[in-house]
Amino acid sequence: MRTNTIFFLFLVAVSATAQTKSVAVLGDSYSTFEGYITPATNEAWYLQNANTEQTDVADVRRTWWLEVCNELGYKLEINNSYSGATISFTGYNGEDYSPRSFITRADNLGCPDVILVFGGTNDSWADAPLGEMKFENITRDDLYSYRPAVCYLANYLSARYPNTDIYFILNTDLKPEIGAAMHEACARYNIPVIELHDISKQSGHPDVAGMKAIAEQVSAFIRNRGATPR
């Protein structure tokens, strides 16, 4: 009898482990936290010794992505986020941001079950060129404009991670063209877009209340959709 009980508990443990989904985050400053990003050379905006005049987020447990993991029972595999990163190759003051762009980092996400892409904010803030929607024959020069870049990113992630649930997250208070292009690009590849609302911010970045709101909205969207593989 005792042997059967032990075997049953073993099966339960194996089943629970098998059901735990791993998640990767591809993001910008909103998703950084010092000591919790890969590679470690990526620049972080949220720091362990936080400047309280800049943000009240001083604990990694208050980040939106860790709250999502805790809420949905996910295991964080990789958080490849980089402060100031743009989806396109154009950054602030027209500088070449290709080394930190979402596209450049998109192949370094491990082998997750779920990918959360939170970008477009810096493309909007930096006034990156918009360009035109383009789904084929995209050149490197095209990637310096946001619209073809977000098309390329959606296509690349779909092809690179075919058995992964991919979600794009759209920030509030961005240029309408940024959101419209993201929706159109993601629709092409059947990638859901989680459009945020009512996010509290400090210094343009989510504070503790904002992080919680993001986590609640992302978790609710994924739970309601069922996270069924594409």
*Give the C-alpha distance, both sets of side-chain angles, the deciding distance and a yes or no for side chain to side chain contact (heavy atoms under 4.5 Å, CB included) between Asn42 and Thr32.*
CA-CA 9 Å; Asn42 287 4; Thr32 62; over 6 Å; no
_Looking at Tyr156, I'd like to know if the NZ or CZ of Arg160 sits under 6.0 Å from its six-membered ring centre while staying within 45 degrees of the ring's axis._
no
*Would you verify whether the NZ or CZ of Arg105 falls within 45 degrees of the ring axis of Phe102 while also being under 6.0 Å from that six-membered ring's centre?*
yes
_Pairing donors with acceptors under 3.5 angstrom, does anything connect the side chains of Glu77 and Ser22?_
yes
_Identified side chain to side chain donor-acceptor pair (under 3.5 Å) counterpart of Thr121 within the set Asn171, Thr172, Asp173_ = Asn171
_Can you tell me how far apart CD1 (Ile214) and NZ (Lys201) are? Round to the nearest 0.5 Å._
7.5 Å
*Cut-off 3.5 Å, side chains only: do His205 and Ser29 have a donor facing an acceptor?*
yes
*For the ring pair Trp64 and Phe118, is the centre-to-centre distance below 6.0 Å?*
yes
_How long is the straight-line distance from CG of Asp165 back to CD1 of Ile222, given to the nearest 0.5 Å?_
8.0 Å
*Just how far is it from atom OG of Ser81 to atom CD1 of Ile37, taken to the nearest 0.5 Å?*
7.0 Å
*Thr139-Asp142 side chain donor-acceptor pair, cut-off 3.5 Å*: yes
*Taking atom CG of Leu66 and atom OG of Ser31, what is their separation to the nearest 0.5 Å?*
12.0 Å
*Candidate list Thr90, Thr86, Asp96, test side chain to side chain donor-acceptor pair (under 3.5 Å), partner Tyr144, passing option*: Asp96
